[in-house]
Structures are given as C-alpha cells and as structure tokens.
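Proteins get letters first, then strands, A, B, ... in listed order; numbering begins at 1 in each. Quick caveat, the model's predicted, so the values are computed rather than measured.
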Amino acid sequence: QQQVKQSPQSLIVQKGGISIINCAYENTAFDYFPWYQQFPGKGPALLIAIRPDVSEKKEGRFTISFNKSAKQFSLHIMDSQPGDSATYFCAASKTGTASKLTFGTGTRLQVTL
Amino acid sequence: DAGVTQSPTHLIKTRGQQVTLRCSPKSGHDTVSWYQQALGQGPQFIFQYYEEEERQRGNFPDRFSGHQFPNYSSELNVNALLLGDSALYLCASSSTRTAHNEQFFGPGTRLTVL
C-alpha cells in the first residue's frame with residue numbers, strides 16, 4: 001500500500017521559472033513532512049520540512065505548502081536554476097519512536113537554460 | 001563535523017552470497033535507520049536501531065538483519081542474496097534528543113547482485 005503519492009514523475013522548467021511538485025498522503029497519524037533532494041550517485045539531502053500546525057514554510061527559494069484537510073502538501077521552487085536539476089522526494093512520518101520515513105516515488109526535475 | 005558515512009561505496013556479489021554494509025552516524029546522533037532504494041524508486045524503510053536494539057522494521061524478510069554497536073555505528077547484513085536485492089542501500093541517522101527526529105542520509109552503498 002503506497003501511503004504517499006507524488007506527482008509529476010518528471011518536470012522540465014525553464015531557468016527562472018517556478019517548479020511545483022505535489023504529494024498526497026493517506027495516514028492521518030503522519031505529523032512530519034520533509035522534502036529531500038537527491039543527485040545521481042548521492043544520498044538524499046534534507047531540503048525543508050513542515051509540521052501540520054502550519055500551512056506554509058519558506059526557506060530561501062524553497063516553500064512547502066500544506067493542506068491538512070486535503071492531506072496534501074507541495075514543494076515550490078522559485079527562480080529555478082540549472083543546479084536545482086535533481087530528483088526530489090517527499091516523505092512523511094510520525095515523530096517519536098515510530099519515526100520511519102515513508103517516501104513518495106520521486107520527481108525528476110530538469111531546469112533548462 | 002563529519003556527516004553520515006557508509007562503507008563500502010560499491011559492492012558486487014553473486015546470488016546466494018552474504019553481504020555486510022556499514023554505517024557511522026552523524027556526530028551526536030543515536031538512532032540509525034536503513035533504507036533500500038531500487039533504481040528509479042523512492043527509498044524503502046528496512047529497519048531502525050536505537051540503544052543497540054531493533055526498534056522498528058519494514059516489510060523485509062528475515063534475510064535482512066542488522067546490528068548497532070555501543071558507539072552508535074551500525075551494520076546491515078543480507079543473507080542468501082537474490083538478484084532483486086540489487087539496489088542502493090542508504091543509512092540515515094537521527095537523534096532522539098531533537099524534537100523532530102530529522103533524518104540525515106549517507107551517500108549509500110551500491111550493491112549489485114549477479
């Protein structure tokens with residue numbers, strides 16, 4: 001059972017544009033939603049994370065929007081740059097002792113010049 | 001401050017063999033989780049170790065086992081390797097002393113089973 005659904009599978013954005021990646025979850029017990037960035041041959045790197053008590057969190061060019069009632073959250077990358085070209089994964093977990101991350105299937109982002 | 005380190009970087013084994021992968025957590029972290037990432041997929045949780053005990057386990061067979069040492073480092077063992085075990089194995093560390101249990105990943109070990 002896939003508990004975190006991610007779309008789109010791939011995305012091509014022009015330099016300077018906005019990249020938007022969406023995720024939906026099923027388990028209402030999840031209370032921590034991180035986004036990871038992964039370059040080929042590397043491990044995932046934590047980008048930004050949000051908890052359900054806020055609807056938006058911004059760090060630099062990266063923003064997470066969270067809709068608790070719809071059980072959806074999204075990553076917005078403003079002013080996308082070629083160096084942002086990577087695979088992005090959303091994830092979800094419950095904090096505390098049961099802190100395993102459940103990942104989405106990933107979005108391959110390509111930012112063109 | 002060193003991040004999460006894993007060894008070896010790459011490994012090639014044949015079906016039926018056994019393999020041991022190693023992980024050193026980020027300084028100050030006490031919890032280690034292992035994930036399997038097949039090509040083109042998101043990481044899948046294998047298990048998590050805290051205080052030298054397996055605290056949580058994903059949907060993986062008993063062929064997958066692990067260990068955590070007193071210095072918080074960890075090993076992942078896979079017995080009777082199958083072709084389908086070929087994947088990137090990721091170790092992530094976190095601290096129970098932080099409120100959010102943020103997990104930081106190592107570079108992974110690429111396992112190829114022939």
Side-chain angles (χ1 to χ4, degrees), chain A residues 1-10 21-25 27 29-54 57 59 64 75 86-109, chain B residues 2-7 9-10 21 23-26 29-51 53-60 66 87-110 112:
Chain A
Q1 179 188 12
Q2 184 186 0
Q3 296 190 47
V4 180
K5 295 183 179 180
Q6 183 172 347
S7 62
Q9 189 173 19
S10 63
I21 305 170
N22 301 299
C23 282
Y25 63 97
N27 188 343
F30 288 150
D31 61 358
Y32 173 66
F33 303 89
W35 284 89
Y36 285 84
Q37 177 190 59
Q38 187 175 30
F39 293 103
K42 305 291 185 182
L46 180 62
L47 258 182
I48 185 173
I50 198 168
R51 296 195 169 277
D53 52 346
V54 297
K57 182 175 181 180
E59 288 184 2
I64 300 179
L75 176 69
T87 300
Y88 292 81
F89 292 95
C90 62
S93 76
K94 296 182 288 185
T95 52
T97 56
S99 60
K100 70 170 187 177
L101 290 167
T102 299
F103 282 84
T105 50
T107 297
R108 177 176 278 187
L109 171 65
Chain B
V4 180
T5 59
Q6 293 186 242
S7 63
T9 305
H10 296 88
L21 310 181
C23 171
S24 291
K26 189 176 167 68
H29 284 185
D30 55 12
T31 302
V32 173
S33 303
W34 286 92
Y35 293 82
Q36 179 195 67
Q37 185 177 25
L39 203 59
Q41 301 294 317
Q44 297 291 313
F45 176 77
I46 302 175
F47 42 53
Q48 183 180 86
Y49 277 85
Y50 171 68
E51 292 190 338
E53 294 205 355
E54 184 182 290
R55 184 162 72 174
Q56 195 177 14
R57 188 179 183 91
N59 189 24
F60 279 81
L88 180 67
Y89 287 85
L90 295 162
C91 168
S93 74
S94 56
S95 171
T96 55
R97 291 181 289 278
T98 61
H100 306 306
N101 296 132
E102 294 164 330
Q103 295 189 26
F104 296 87
F105 284 82
T109 294
R110 172 71 62 186
T112 301

- Contact leader toward chain A among B/Ala92, B/Pro43, B/Gly42, B/Gly108, where contacts are heavy-atom pairs under 4.5 Å: B/Pro43
- Message: If you count heavy atoms of other groups shown closer than 6.0 angstrom to CD of A/Glu59, is the number above 12?
- Response: yes
- Non-hydrogen atoms of A/Phe89 and B/Gln37 that approach each other most closely: CZ-NE2, 3.4 Å
- Task: Quick one: pull up CD in B/Glu102 and OH in A/Tyr32 and give me the separation to the nearest 0.5 Å.
- Result: 4.5 Å
- Would you call A/Ser99 and B/Gln103 a side-chain contact if the rule is heavy atoms closer than 4.5 Å? yes
- About how many Å separate OG1 of A/Thr102 and CZ of B/Phe45, when rounded to the nearest 0.5 Å? 9.0 Å
- Item | Straight-line distance of B/Ser94 OG to A/Leu101 CG, nearest 0.5 Å | 8.5 Å
- Which atoms form the tightest heavy-atom contact between B/Leu90 and A/Gly43, and what is the distance? CD2-CA, 3.9 Å
- Structural part of A/Pro44 lying under 4.5 Å from a heavy atom of chain B: both
- Winner by heavy-atom pair count (cut-off under 4.5 Å) against chain A, out of B/Tyr35, B/Tyr50, B/Phe104: B/Tyr35
- Message: Under 4.5 Å from any heavy atom of chain B, what part of A/Gln9 do you find: side chain, backbone, both or neither?
- Response: neither
- State whether the number of non-hydrogen atoms from other residues, nucleotides or ligands found under 6.0 Å of A/Asp53 atom CG is greater than 12. yes
- Item | salt bridge (Lys or Arg N to Asp or Glu O under 4.0 Å) against B/Glu54, all qualifying residues, sequence neighbours excluded | B/Arg57
- Message: Within a 6.0 Å radius of atom CD on B/Gln44, are there more than 12 heavy atoms belonging to other residues, nucleotides or ligands?
- Response: no
